[in-house]
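Just so it is clear, the values below take in all heavy atoms, side chains as well, and ignore hydrogens, waters and symmetry mates. It should be emphasised that the depicted structure is a prediction, and the values quoted were computed from it without experimental measurement.
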Amino acid sequence: MTALREQHDALLFDLDGTLFRGGTALPGAPEALAEAAGLGCRIGYLTNNGSRNGGQVVDHLRALGFTADESEVVTSGQAAARLLVDRLKPGDAVVVVGSKALAGEVTSAGLTVADRAEQAVAVLQGHSPDTGWRDLAEACLAIRAGALWVATNVDATLPDERGELPGNGAMVAALVTATESQPLVAGKPEAALFHEAVRRAASERPLMVGDRLETDIAGANGVQMPSLLVLTGVSDAAALLAAPEVDRPTYIGADLSALRTDPDRLRPIAQAPWRASRAGDELRLELDPGAERDGADDPIDALRTLCAAHWASGGGRPSRITATGPAAIEALRSLRLAAGG
């Protein structure tokens with residue numbers, strides 16, 4: 001059997017929701033990366049969270065049991081600073097809404113950090129749990145006065161071990177409302193992070209691995225890179241079924257153990273012994289009653305089968321999903337898809 005990881009010379013990983021949640025590594029994630037690296041795969045870490053610089057990301061990864069080097073890390077803060085440098089003059093002043101690490105990316109790029117809107121020609125906005133109203137107020141005044149506005153990312157939520165928390169996109173939305181403007185976005189799904197990660201890995205056959213359809217998967221599709229969606233973070237089975245074509249992954253896995261799996265088993269195609277059909281807006285799932293049941297009723301296989309039938313018929317959000325038989329009902333329940341019938 002050929003494993004998915006054997007088909008690629010570099011594996012590019014999202015962090016939050018893919019490798020860890022907050023301060024906790026996801027089960028088996030450090031081991032999965034170590035195994036892949038041991039087989040010769042180069043590793044890249046791509047994060048839309050601009051609150052940490054590369055060194056801090058490495059420290060966090062190592063504390064959770066991952067082997068990481070700063071040269072393997074590409075952050076949205078780095079990409080955002082590059083966007084500013086390409087559009088400003090050396091020494092120009094920037095209002096930074098975000099962490100000290102993000103401010104450090106600005107100064108490292110040869111720009112200065114402004115305390116007040118009147119001093120600034122640009123605004124850089126990234127995630128920080130300490131962002132307050134006064135920070136947003138200075139950014140609002142600068143943007144309304146014509147300052148260039150760059151956001152590290154627009155992720156609405158940030159995965160945490162306690163659940164989904166407000167992400168940078170939630171704070172960006174507040175300024176969109178207050179300024180009636182839109183920022184330039186540096187992070188995924190924009191191409192900059194992907195191109196930089198591929199360059200650093202000197203990769204010809206990269207694979208993007210992530211948990212969020214509209215950033216990790218859409219960004220990989222945008223640069224024509226194959227992708228693996230893992231269901232350990234933000235995007236769930238219902239979101240996957242309803243995903244537009246630009247957000248659909250090449251492969252679907254429950255978690256990073258999918259890297260050890262035959263890629264044909266991971267594709268969103270009909271996976272025996274599951275069968276799915278669509279009539280109108282209704283999807284139906286069943287297990288072949290004559291099939292060998294030993295280990296063959298994996299609910300993720302059921303999801304891949306449902307995706308194949310649903311997407312082939314146009315996609316969209318199904319109004320009803322039904323199941324025939326106990327195994328199919330249990331599969332939908334484990335996927336948190338409502339089962340009628």
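- Between Asp301 and Arg265 there is a salt bridge, since at least one side-chain N of the basic residue sits less than 4.0 Å from a carboxylate O of the acidic one.
- By the side chain to side chain contact (heavy atoms under 4.5 Å, CB included) test, Leu148 is found to be paired with Leu84, Arg87, Leu88, Ala122, Val150, Leu184, residues two or more places apart in sequence or in another chain being considered.
- Both Val209 and Tyr251 belong to a common hydrophobic cluster when Ile, Leu, Val, Met, Phe, Trp and Tyr are linked at side-chain heavy-atom distances under 4.5 angstrom.
- A salt bridge links Arg260 with Glu35: the closest approach of a Lys/Arg side-chain nitrogen to an acidic carboxylate oxygen falls below 4.0 angstrom.
- Without hydrogens or angle criteria, Thr2 side chain to Asp262 main chain gives no donor-acceptor distance under 3.5 Å.
- Within the structure, the ring-ring contact (aromatic ring centres under 6.0 Å, His included) test picks out no pair touching residues 126-165 (sequence neighbours left out).
- The 12-atom threshold is exceeded at CZ of Arg275, counting heavy atoms of other residues, nucleotides or ligands nearer than 6.0 Å.
- With rounding to the nearest 0.5 Å, the separation of CG in Asp281 from CZ in Arg320 is 12.0 Å.
- Trp274 and Ala331 make their closest contact through CH2-CB, 3.7 Å (heavy atoms, listed as atom of the first residue, atom of the second, distance).
- Side chain of Asp9 to backbone of Ser203: no donor-acceptor contact under 3.5 angstrom is found.
- Atom CG of Asp16 sits about 9.5 Å away from atom CG of Asn48, to the nearest 0.5 Å.
- No side-chain heavy atom of Thr67 sits under 4.5 Å from any side-chain heavy atom of Leu33.
- Rounding to the nearest 0.5 Å gives a distance of 8.0 Å between CG of Leu335 and CG of Leu231.
- The 12-atom threshold is exceeded at CZ of Arg62, counting heavy atoms of other residues, nucleotides or ligands nearer than 6.0 Å.
- Side chain of Thr215 to backbone of Pro189: no donor-acceptor contact under 3.5 angstrom is found.
- Taking a cutoff of 4.0 Å between a charged side-chain nitrogen and a carboxylate oxygen, Asp14 and Lys188 qualify as a salt bridge.
- Of the possible donor and acceptor atoms, none in the side chain of Arg212 sits under 3.5 Å from a partner among the backbone N and O of Ser235.
- Of the possible donor and acceptor atoms, none in the side chain of His310 sits under 3.5 Å from a partner among the backbone N and O of Leu283.
- Asp92 contributes no side-chain N or O that, together with a main-chain N or O of Leu111, makes up a donor-acceptor pair within less than 3.5 Å.
- A distance-only check finds a donor-acceptor pair linking the side chain of Glu72 to the backbone of Asp69 [under 3.5 Å].
- Across Leu287 and Ala327, no two heavy atoms sit closer than the pair CD2-CB, 3.7 Å.
- A salt bridge does not link Glu286 to Arg284: none of the charged nitrogens lies less than 4.0 Å from a carboxylate oxygen.
- With hydrogens and angles ignored, the 3.5 Å screen pairs a side-chain donor or acceptor of Ser313 with a backbone N or O of Ala309.
- Between Thr107 and Val113, some side-chain heavy-atom pair lies under the 4.5 Å cut-off.
- Using a 4.5 Å cut-off on side-chain heavy atoms (C-beta onward), Ser227 and Asp216 make no contact.
- With respect to the salt-bridge test (charged N to carboxylate O, under 4.0 angstrom), the residues Glu245 and Arg248 do not qualify.
- Legend: residues meeting side-chain hydrogen bond (donor to acceptor under 3.5 Å, both in side chains) with Ser51, ordered by chain and number and at least two apart, are Asn49.
- Clustering ILVMFWY residues whenever any of their side-chain heavy atoms sit less than 4.5 angstrom apart, transitively, puts Val74 in the very cluster that holds Phe194.
- Minimum interatomic distance between Pro226 and Thr250 (heavy atoms only, all atoms of both residues): CA-OG1, 3.4 Å.
- Judged by distance alone, with hydrogens and angles left aside, the side-chain atoms of Gln78 form a donor-acceptor pair with the main-chain N or O of Thr75 at under 3.5 Å.
- Across all non-hydrogen atoms, the minimal contact from Ala201 to Ala10 is CB-CB, 4.0 Å.
- To the nearest 0.5 angstrom, Ile43 atom CD1 is 4.5 Å from Leu11 atom CG.
- Counting heavy atoms from C-beta on, the side chains of Leu124 and Val95 never come closer than 4.5 Å.
- Residues Cys41 and Arg5 come closest through the heavy atom pair SG-O, 3.3 Å.
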Just do the side-chain contact (heavy atoms from CB on, under 4.5 Å) check on Asp155 and Glu214 with the steps written out, would you? CA-CA 9 Å; Asp155 295 353; Glu214 71 274 16; 5.8 Å; no
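- A salt bridge does not link Glu282 to Arg278: none of the charged nitrogens lies less than 4.0 Å from a carboxylate oxygen.
- The same ILVMFWY cluster, assembled from side-chain heavy atoms under 4.5 Å apart, contains both Leu306 and Leu229.
- Under the 4.5 Å side-chain criterion, counting only non-hydrogen atoms from C-beta, Pro249 is in contact with Leu240.
- For His60 and Phe20, the gap between ring centers is short of 6.0 Å.
- To the nearest 0.5 Å, atom CD1 of residue Ile300 and atom CG of residue Leu266 are 10.5 Å apart.
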Hey, mind stepping through Asp211 and Thr18 against side-chain hydrogen bond (donor to acceptor under 3.5 Å, both in side chains) and telling me if it holds? CA-CA 6 Å; Asp211 71 299; Thr18 301; 3.2 Å; yes
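- Under the rule for a side chain to side chain contact (heavy atoms under 4.5 Å, CB included), the partners of Thr112 that lie at least two apart in sequence or sit in another chain are Ala93.
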As a quick check of understanding, evaluate side-chain contact (heavy atoms from CB on, under 4.5 Å) for Thr324 and Leu285, giving each step before the final call. CA-CA 6 Å; Thr324 300; Leu285 176 71; over 6 Å; no
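- In this view, Tyr45 satisfies the ring-ring contact (aromatic ring centres under 6.0 Å, His included) rule with no residue, not counting sequence neighbours.
- Comment: Arg144 does not engage Glu180 in a salt bridge, judged by the lack of any side-chain N to carboxylate O separation of less than 4.0 angstrom.
- Hydrophobic clustering (ILVMFWY, side-chain heavy atoms < 4.5 Å, transitive): Leu26 and Leu256 are in distinct clusters.
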Kindly determine whether Val57 and Leu61 satisfy side-chain contact (heavy atoms from CB on, under 4.5 Å), including the steps that lead there. CA-CA 6 Å; Val57 170; Leu61 287 167; 3.9 Å; yes
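- Using a 4.5 Å cut-off between side-chain heavy atoms of Ile, Leu, Val, Met, Phe, Trp and Tyr, with links allowed through other members, Leu12 and Leu207 fall into different hydrophobic clusters.
- Residues passing the side chain to side chain contact (heavy atoms under 4.5 Å, CB included) test with Thr131, sequence neighbours excluded: Val97, Ser128, Asp135, Leu136.
- In this structure, the side chains of Leu337 and Leu241 come closer than 4.5 Å at one or more pairs of heavy atoms.
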So Glu105 and Arg82, salt bridge (Lys or Arg N to Asp or Glu O under 4.0 Å) or not? Walk me through it. CA-CA 9 Å; Glu105 298 289 0; Arg82 180 167 297 184; over 6 Å; no
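- With hydrogens and angles disregarded, a donor-acceptor distance shorter than 3.5 Å links the side chain of Gln271 to the backbone of Arg267.
- Side chains of Thr261 and Leu4 form no contact here, defined as non-hydrogen atoms less than 4.5 Å apart.
- Contact check for Asn168 versus Val154: no side-chain heavy atoms found under the 4.5 Å cut-off.
- Remark: Gln7 CD to Leu259 CG distance equals 11.5 Å, nearest 0.5 Å.
- The two atoms that bring Gly50 and Ser99 nearest to each other are O-OG, 3.9 Å, heavy atoms only.
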